[in-house]
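Since the structure is predicted, the reported quantities are computational estimates derived from the model, not experimental observations. Hydrogens, waters and symmetry mates play no part in the numbers below; they use all other heavy atoms, side chains included. In listed order, ligands and their atoms are each counted from 1.
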Amino acid sequence: MKDETRLTRLGRPHDERGQVNPSVARGSTMLAPSARELYDFPPGRVHYGRVGLETHQALREALTELQGGAGCALTSSGLMANTLSVLASVEAGGRILAADCIYGPVRNFLLTTMPKFGVKTEFFPPRMGAEIADLITDDVQAILLESPGSLTMEMQDIPAIAAVAREKGVITIIDDTWSAGLVLKPLQLGVDYAAQALTKYVGGHSDVLMGAVVARDEALFKRLQATERSFGFHTGPDDAYLALRGFRSMAVRMERSFASAMTIADWLKSRPETGRILHPAHPDHPDHALFQRDFTGGSGLFSVEFPGWDIPASERFLDALEIFGMGFSWGGYESLAIHCDPQLKRTRTEHTHDGALIRFAIGMEAPEDLIADLERGLAAVS
Ligand SMILES: *Cc1c(COP(=O)(O)O)cnc(C)c1O
């Protein structure tokens, strides 16, 4: 079956009532049928609501099967999907290698929280492949990828890095929010943990914050789940329900968002104001070949260089937009734009671009209207 079909079927209830969707199952206390089962409950029976009831179970099953993994942990945000994956993978005295283009708050976690537990992080140039072997010293325990990376959209050679890491016994984690586990299958490329913000394309309507980590095999899943349970993480069933509801229509929304993004990227490319179009599906992107090799589709998030623009020019452009909103999320039905330069933080490498870097998240609007909006923005700068 194709993924579009699987999205409509995975995790659905199998009860005889015929209800299409799982109920929103609320509950902390779960009563045991007998005193013996208080401490000796059969596998599969939930003994306490913190581990999640059938709404959570349906979402976990759907995400696990879409990615071809062994199991899934739900988290209260996409950030926590990343931090939980890290906590499950490392211990004191260890070192993490992280792509220099990872999501800013994950960088912050690695630099401020992990050192308290005796774990150091080293950032590597984000456009890397098998050469990462040279950076894997004996203390390296995990490698964090994000491809394409936040804001600057650089890509790593995922299968090459996963193969080297596996050989050296290092766990690989990817923040795969951009592809939503739909148009890229990181676990099939050898990655151990696929973390993502369900907040973005899965939720899809800018009304829910949630994350998920899918583990490649049973041993990795056990390790992830033990960490999740020891911390006491839990997500609400209403949020799990909303995420699963978004999951059903994700393929259509992403296809539309991707198609409009490419139309808009081509239009922007035809304008004299623009430099490189940093969408991996666009031939301008330096890692376009990796995209063509590993991805089966795309999404609607990309960045564009505007040579010669300073921050006031970016602000004039953004303030003139009437349809694009300005906000730090994406993957919803509404289009968004931000200028990236004030928040670009790098450790290992510089991201060199002439002028300003503007990131666009393309929603469900007609691309003609979005192009007219961008024309307004460009006019405000010139
Ligand atoms: C938004 C985002 C996150 C964080 O998700 P939240 O649910 O907002 O915590 C993590 N990684 C990437 C790449 C993101 O874009």
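In this structure Arg271 satisfies the side-chain hydrogen bond (donor to acceptor under 3.5 Å, both in side chains) test together with Glu273, sequence neighbours excluded. Remark: Asp3 pairs with Arg6, Lys185 by the salt bridge (charged side-chain N to carboxylate O under 4.0 Å, His left out) rule, at least two apart or across chains.
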Give one line per pair: atom of ligand 1, protein atom, distance. Only N/O to N/O under 3.5 Å.
residue	atom	partner	partner atom	Å
ligand 1	7 (O)	Gly78	N	2.7
ligand 1	7 (O)	Thr199	OG1	2.5
ligand 1	9 (O)	Gly78	N	3.1
ligand 1	9 (O)	Leu79	N	2.9
ligand 1	11 (N)	Asp175	OD2	2.6
ligand 1	15 (O)	Lys200	NZ	2.7
ligand 1	15 (O)	Trp330	NE1	3.0

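Taking the six-membered ring where the residue is Trp, His279 and Phe291 present perpendicular rings, their angle passing 60° and hence far from 30°. Using the six-membered ring where Trp is involved, Phe360 and Phe306 have ring planes that are perpendicular, over 60° apart on the 30 and 60° scheme.
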**Report entry** Residues Phe247, Leu198; criterion side-chain contact (heavy atoms from CB on, under 4.5 Å); working and verdict
**Finding:** CA-CA 9 Å; Phe247 180 90; Leu198 303 178; over 6 Å; no
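Among residue pairs with one or both ends in residues 153-164, those qualifying as salt bridge (Lys or Arg N to Asp or Glu O under 4.0 Å) are Glu154-Arg346, Asp157-Arg293; sequence neighbours excluded.
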